[in-house]
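Right, one structure below, let's go through it.
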Amino acid sequence: MENFSQWYHNILEEASIIDSRYPIKGMSVWLPKGFKLRKHIIEPLKKLLDKDHEEVLFPLLVPEDELAKEGIHVKGFEDEVYWVTHGGQKELNKKLAIRPTSETAMYPMFSLWVRSHIDLPMKFYQVVNTFRYETKHTRPLIRVREITTFKEAHTVHTTKEGADEQVKEAIKIYKEFFDTLAIPYLLSKRPIWDKFPGADYTMAFDTLMPDGKTLQIGTVHNLGQTFAKTFDITYETAESTHDYVYQTCYGLSDRVIASVIGIHGDEKGLRLPPQIAPNQVTIIPIIFKKGGEEVLNKCEEIKSSLESNNIRTSMDTRDIRPGKKFYEWELNGSPIRIELGPRDLENNKAVIVRRDNLEKVEIDLESDYVSKIEEMFKEISENMKNQVWKKMNDSIISTKSLDNVNELIKDEKVVSFTWCGNEECGKVIEEITEIDILGTQSENSDYCKDIDGSKCIHCGKEGKYTALMAKTY
Ligand SMILES: Nc1ncnc2c1ncn2[C@@H]1O[C@H](COS(=O)(=O)NC(=O)[C@@H](N)CS)[C@@H](O)[C@H]1O
């Protein structure tokens, strides 16, 4: 674990999550185990969105003139867009962009769909692959050129307040989703120079990876009326006048999968929160020559009673020694393993081992062990969440002097400081420290220090915000 990057690459291979040998840089193959994990992570996300969003599916390709319509937006993406220039042998008379994100695919259609205030608010999302020609160091699931699991939501409102309210809604959805994954997060308002191209402002979720670097795992953008004016998305108001709509969009990607693997994993392999574990219970029969039949029957019985309670269960009946089965169970990270041998059978007991803390407990097979296991899932989830939140909170150190920043960053800390919020000042802080400002904390954030009377860490002017800075992916 001392070299996180090496550990991370090893676990993706050892646990058969993805195969990065695909012959295009920044693109990998989802292997069966990884694909199942991805499926069980996407599921709760879609459930949250389906409460009041409609799922859609837009084309992959965007006409060049649509992509270019929003000046700031296209400026932000012009170095990252892949282009389609031919259809077969024929050169296309109009280049087609492969979507880096779908604003310019969706908003010309929104302009056709939005007619009256009665149509609003509209809330759509899609889970698609998007493509970005990343020139920085690519890293599987973290910085890829094909973002295979790009969830993008796009909403349309009649008023600024509607869009502001939706930003709060999206933040709530993301918090609930990250809690399901038991990953810790910091929420910051990105500095103005780091917001989404074309957005009024960007709220960003960052998590802390074991190497002390933060990873942006989700962003919520308030787009104001910029794209509405560019793509002429107007609606007839109740007073029969016409006005431009207000919009938001919010996205997350494969990075949330990288976070579950990276933050919860240990030197034995994956450690998965029960709610998203493809395999929640692994039954390992301890078979000797004598009594093998009864043990297997009992294990089958346990398996079917768990499965009839919607607990995803597997049984390892391979004819290999138990130690190898335990090793594989640890590597695959399923939250609970149940061992059952002839002696356990005689006492009508089984041994349960938790993957999160490797604790062993005996259960009485006469008892209601299904409820006990469901109870354990909650304990495991709470334990994993508390562990990683404590680790992150202990890593956030405040300082009043820029001289301490590099020391703290070397010590894998996130630095909290008072900032005046002025752009030039902020950019000088990033230049001096060569560390990114993640952004400012809202007043009600747990990380917001009482700043009345304190001074900006760099320019000495009146401190307006608590800001965070960290080494980032
Ligand atoms: N190259 C990449 N590899 C993996 N994830 C990425 C990559 N680029 C961006 N992301 C993730 O995708 C999220 C959304 O991307 S974004 O540019 O911030 N926002 C959008 O594209 C908006 N259209 C919201 S959907 C980011 O917060 C980040 O977590």
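Residue numbers start at 1 and run along the sequence shown. Counting convention: from 1, in listed order, for ligands and their atoms alike.
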* Asked: Applying ring pair (Phe, Tyr, Trp, His ring centres under 6.0 Å), which residue pairs with at least one partner in residues 20-40 are found, sequence neighbours left out?
  ->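 Every pair satisfying ring pair (Phe, Tyr, Trp, His ring centres under 6.0 Å) with a residue in residues 20-40: there are none.
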Show which atoms of ligand 1 fall inside a sub-4.0 Å distance from at least one heavy-atom site of [X].
| X | answer |
| --- | --- |
| Cys249 | 22 (C), 23 (N), 24 (C) |
| Glu134 | 1 (N), 2 (C), 8 (N) |
| Arg143 | 3 (N) |

* Are the aromatic rings of Phe110 and Tyr107 close, with centres under 6.0 Å apart? -> yes
* Report yes if the distance between the aromatic ring centroids of His154 and Tyr250 is under 6.0 Å, otherwise no. =>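 Ring-ring flag for His154/Tyr250: false, centres at least 6.0 Å apart.
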Is ligand 1 under 4.0 Å from a heavy atom in the side chain of [X], in the backbone, in both, or in neither?
| X | result |
| --- | --- |
| Thr101 | side chain |
| Gln216 | both |
| Ile142 | backbone |
| Glu103 | side chain |

* To do: May I ask you to check whether over 12 heavy atoms, not counting those of Tyr465, lie within 6.0 Å of atom OH?
  => no
* Asked: Phe150 near ligand 1, heavy-atom distance under 4.0 Å?
  -> yes
* ligand 1 contact by Val144, heavy-atom criterion under 4.0 angstrom ->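 True for this residue.
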[X] to ligand 1: N or O pair under 3.5 Å?
| X | answer |
| --- | --- |
| Tyr250 | no |
| Glu152 | no |
| His221 | yes |

* Taking the side chain as every heavy atom from C-beta outward, state whether Ile147 and Asp254 have any pair of such atoms under 4.5 Å apart. =>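 Counting from C-beta outward, Ile147 and Asp254 do come under 4.5 Å.
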* **Heavy-atom pair of closest approach, residues Ile437 and Pro191** => O-CG, 3.5 Å
* Verify side-chain hydrogen bond (donor to acceptor under 3.5 Å, both in side chains) between Thr472 and Asp436, making sure each step is shown before the conclusion. => CA-CA 7 Å; Thr472 64; Asp436 291 345; 3.0 Å; yes
